[in-house]
Amino acid sequence: QQAALARERSEVLEQLGEVGENYEMAQGQLRLLQVQFDQRHEELEQLTQEHRSLQAEYSKLQVEYNEWIQLIEQDS
């Protein structure tokens, strides 16, 4: 019976070691995914800011274009 308990204890410790290794691997993968997520989020913020800037520039150019068209029509 003592040998059976020792064997069971050994198996449980081995399983615990495997669980610990799996946990560490999953933790590493989670950290990697978090870094990738943060990078993508930062890229998205930069692209969003660039998009807003381009929209503002487009609006200014559209106003300027319309003013030129009005001037040309007035001169005609």
Side-chain angles (χ1 to χ4, degrees):
Q1 185 178 3
Q2 195 120 11
L5 284 175
R7 211 171 26 253
E8 186 177 343
R9 182 178 186 274
S10 176
E11 290 173 4
V12 168
L13 287 174
E14 185 179 331
Q15 290 174 353
L16 183 60
E18 289 175 7
V19 167
E21 289 175 9
N22 289 338
Y23 174 79
E24 287 179 15
M25 188 173 11
Q27 193 177 31
Q29 291 172 341
L30 178 62
R31 279 193 299 268
L32 177 61
L33 288 171
Q34 184 66 47
V35 167
Q36 291 173 339
F37 175 81
D38 291 343
Q39 288 173 342
R40 297 294 186 266
H41 185 71
E42 186 176 319
E43 289 173 9
L44 178 61
E45 286 181 354
Q46 290 172 350
L47 289 171
T48 300
Q49 180 59 36
E50 186 177 341
H51 181 254
R52 285 188 189 125
S53 177
L54 289 170
Q55 280 181 317
E57 183 67 23
Y58 176 80
S59 293
K60 290 177 188 175
L61 290 172
Q62 195 171 30
V63 166
E64 187 176 341
Y65 171 81
N66 289 337
E67 289 172 351
W68 277 104
I69 293 299
Q70 286 176 352
L71 286 173
I72 290 171
E73 288 175 351
Q74 287 174 0
D75 287 346
S76 297

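The figures that follow rest on heavy atoms only: side chains count, while hydrogens, waters and symmetry mates do not.
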Chemist: Looking only at side chains, do Gln34 and Asp38 share a donor and an acceptor under 3.5 Å apart?
Modeler: yes

Chemist: Answer yes or no: is there a donor N or O on one side and an acceptor on the other, between the side chain of Ser10 and the main chain of Ala6, under 3.5 Å?
Modeler: no

Chemist: Donor-acceptor pair, distance only, cut-off 3.5 Å: does the side chain of Ser53 make one with the backbone of Gln49?
Modeler: no

Chemist: Atom CD of residue position Glu43 - does it have more than 12 heavy atoms of other residues, nucleotides or ligands inside 6.0 Å?
Modeler: yes

Chemist: In chain order, what residues pass the side-chain hydrogen bond (donor to acceptor under 3.5 Å, both in side chains) check against His41, with sequence neighbours excluded?
Modeler: Glu45

Chemist: Taking everything shown except Gln36 itself, do over 12 heavy atoms lie less than 6.0 Å from its CD?
Modeler: yes

Chemist: For Gln62, give me all partners under side chain to side chain contact (heavy atoms under 4.5 Å, CB included), at least two apart in sequence or on another chain.
Modeler: Tyr58, Asn66

Chemist: So, applying side chain to side chain contact (heavy atoms under 4.5 Å, CB included) with Arg9, which one of Leu13, Val12, Leu5 is it?
Modeler: Leu13

Chemist: Could you give the distance from CD (Glu50) to CD (Glu57), rounded to the nearest 0.5 Å?
Modeler: 12.5 Å

Chemist: List the residues meeting side chain to side chain contact (heavy atoms under 4.5 Å, CB included) with Gln46, not counting sequence neighbours, and say none if there are none.
Modeler: Glu42

